[in-house]
Amino acid sequence: MKTVKIGSVGLGRLGHEHAKNLATQVPGCELAAICDVDADRVKEVAEELGVQYTYTDFEEMCRNPELDAIVIVSPSFLHCQQIEIAMNNGKHVFCEKPLGTDVEQCKAAEKVIEAHPDLIFQLGFMRRFDKSYAEAKRKIDNGDIGKVVLVRSYTQDPRSTIESTLKFAPHSGGQYLDMCVHDIDLIRWFTGSNVKNVWAIGGVFEFDLYKELNDADNAAATIQMENGAMGFMFTNRTHAAGSNVETEIIGTHGTLRIANVGAKNLLNIVDEHGSREEYYPDFMSRWHEAFVAEMVAFTGHVRDNTKPADLTVYDGTAVSEAAYRCKESFETGKMLPIR
Ligand SMILES: NC(=O)c1ccc[n+]([C@@H]2O[C@H](COP(=O)([O-])OP(=O)(O)OC[C@H]3O[C@@H](n4cnc5c(N)ncnc54)[C@H](O)[C@@H]3O)[C@@H](O)[C@H]2O)c1
């Protein structure tokens, strides 16, 4: 089996998780290079994971002829320009969500990817690689619940990680582009349709930084799909008990629920507070297996020269566009069509 050599950029919250997974949990792959503008961080992670090549300049890393592929885990506004640099240097690309923070960036990325049909591109919608979500999709495609009528999707981050969340907020693109892109991706994937109209509402219930950013710490949106199906999503940064993501898919012949997924395991604890299950403390632990699975899939595509069948750059653009319209709807208070 050919070893796929990877260079990874961005060594922050998720960048470190991806780097660790690539170095230790993805068979047939070598984390050969890492890059971050923070030189101390690069040195620290290189020592921890035994990485051969280190960079503070992204383009320089992309020029390394030994690398097969680049994994992009930098701030969201850099994604599209880094996709272009990596592909122009002949590298396959895995890029974290969102594809871009505005639609123009996404359209430009489409052109770059179209200009390199020999290179593989995969986007970081890791929920699709979670066993429960993948099984739900199989059942829907099999017709088990008839026509999908409504998808309800909640993404709640815990209060306990608010410090790093607030630090990340100014360059996140806002709640809709940062958090809701996952829910919009699921709604499109499960309904098999594109977004037609959005109406987004929300507010700042606790963390004033979001007021300064013209954003919300609790936000919701109602979505109408082109095929008539409906979506509802809710996101917040103030969940009391760890990371909670729950999804319900209502069909004409049945309902699928990926509920109570915040529960860490099947342990039931009974004590002086009553009866309870513990939640995953943060998104990293909730999605750990999915983060590994998406990298196994990506390196497999690079090795076998195959492309992800239904996770394309166009999904990235469509999701970012819908998320951006949600942001505009939130700001104007109006229901808006996708242009
Ligand atoms: N799939 C998911 O659920 C999920 C979860 C969290 C974050 N993300 C995405 O991952 C990306 C990174 O998020 P994060 O939480 O790790 O952010 P972060 O702020 O913790 O880390 C970003 C890192 O990028 C580095 N960086 C900034 N500019 C750079 C440049 N020009 N070249 C090289 N390095 C640079 C910073 O020094 C920092 O170490 C974002 O796009 C985010 O949307 C996805």
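Whatever order the structure lists them in is the order used to number ligands and atoms, beginning at 1. Quick note: residue numbers are just sequence positions, from 1. Quick caveat: nothing in here was measured; it's all calculated off a predicted structure.
- Of all atoms in ligand 1, listed by their number and element, those nearer than 4.0 Å to a heavy atom of Gly124 are 1 (N).
- Atom 15 (O) of ligand 1 has as its closest protein heavy atom Arg13 NE, 2.7 Å.
- The protein heavy atom nearest to atom 43 (O) of ligand 1 is Lys97 O, 2.9 Å.
- Nearest to atom 21 (O) of ligand 1 among the protein's heavy atoms is Gly12 CA, 3.3 Å.
- Ligand 1 is approached by His79 to a heavy-atom distance shorter than 4.0 Å.
- Per-residue contacts place Gly15 under 4.0 angstrom from the following atoms of ligand 1 (heavy atoms of the residue considered): 16 (O).
- Of the protein's heavy atoms, Pro75 CD, 3.4 Å lies nearest to atom 24 (O) of ligand 1.
- Inter-residue side-chain proximity for Arg41 and His16 is flagged as met; some heavy-atom pair is nearer than 4.5 Å.
- The ligand atoms of ligand 1 that sit less than 4.0 angstrom from a heavy atom of His182 are 1 (N), 2 (C), 3 (O).
- Protein heavy atom at the shortest distance from atom 12 (C) of ligand 1 is Val73 O, 3.2 Å.
- The closest heavy-atom contact to atom 30 (C) of ligand 1, among the options Asp57, Val37, Thr155, Ile34, comes from Val37.
- Ligand 1 has at least one atom lying under 4.0 Å from a heavy atom of Met126.
- Near Leu78, meaning under 4.0 Å from one of its heavy atoms, ligand 1 places the atoms 28 (N), 29 (C), 30 (C), 31 (N).
- In terms of modelled atom types and a separation under 3.5 Å, the side chain of His79 and the main chain of Pro98 share a donor-acceptor contact.
- Note: an N/O pair closer than 3.5 Å links Ser74 and ligand 1 by distance alone.
- Shortest contact from atom 13 (O) of ligand 1 to any protein heavy atom: Phe168 CE1, 3.6 Å.
- Of the possible polar contacts, one joining the Ser329 side chain to the Lys334 backbone as a donor-acceptor pair under 3.5 Å is found.
- The protein non-hydrogen atom at the shortest distance from atom 33 (C) of ligand 1 is Val9 CG2, 3.4 Å.
- In this structure, His16 falls outside the shell of residues with a heavy atom less than 4.0 angstrom from ligand 1.
- Those atoms of ligand 1 that come under 4.0 Å of a heavy atom in Phe283, given as number and element, are 5 (C), 6 (C).
- Of all protein heavy atoms, the one closest to atom 1 (N) of ligand 1 is Glu96 OE1, 3.0 Å.
- When Asp36, Val42, Leu14 are checked for heavy-atom proximity to atom 8 (N) of ligand 1, Leu14 turns out nearest.
- In this structure, Asp315 and Arg128 have side chains that are in contact, with non-hydrogen atoms separated by less than 4.5 Å.
- For His18 and Phe291, the ring centers are positioned less than 6.0 Å apart.
- Put simply, the side chain of Thr317 gets close to the backbone of Val313: a donor and an acceptor are under 3.5 Å apart.
- Between Thr191 and Asn227, the side chains place no donor N or O within less than 3.5 Å of an acceptor N or O (distance only, hydrogens not considered).
- Residues Thr247 and Tyr154 fail the side-chain proximity criterion, which asks for heavy atoms closer than 4.5 Å.
- In this structure, Arg237 does not pair ionically with Asp217, as no charged nitrogen and carboxylate oxygen lie closer than 4.0 Å.
- Contact annotation: the side chain of Phe121 approaches that of Leu123 to within less than 4.5 Å [non-hydrogen atoms, C-beta and beyond].
- Not a single heavy atom of Phe125 sits closer than 4.0 Å to an atom of ligand 1.
- Using the six-membered ring where Trp is involved, Phe190 and Tyr133 have ring planes that are parallel, under 30° apart on the 30 and 60° scheme.
- When heavy-atom distances to ligand 1 are checked against a 4.0 Å cut-off, Asp178 comes that close only through its side chain, counted from C-beta outward.
- With Thr252 contributing its side chain and Lys147 its backbone, the two residues share a donor-acceptor pair below 3.5 Å.
- Those atoms of ligand 1 with a heavy atom of His171 less than 4.0 angstrom away are 19 (O).
- Between Glu17 and Arg13 there is no salt bridge, since no side-chain N of the basic residue sits under 4.0 Å from a carboxylate O of the acidic one.
- Ligand 1 has Pro98 within reach: a non-hydrogen atom of the residue lies less than 4.0 Å from it.
- For the pair Asp282 and Arg286, the salt-bridge criterion is not met [side-chain N within less than 4.0 Å of a carboxylate O].
- Contact of the Ile72 side chain with the Phe94 side chain is not registered, since no non-hydrogen atoms from C-beta on lie closer than 4.5 Å.
- Under the 4.0 angstrom criterion for non-hydrogen atoms, Phe58 is not in contact with ligand 1.
- Contacts between Trp287 and ligand 1, counted as non-hydrogen atom pairs separated by less than 4.0 Å, are absent for every part of the residue.
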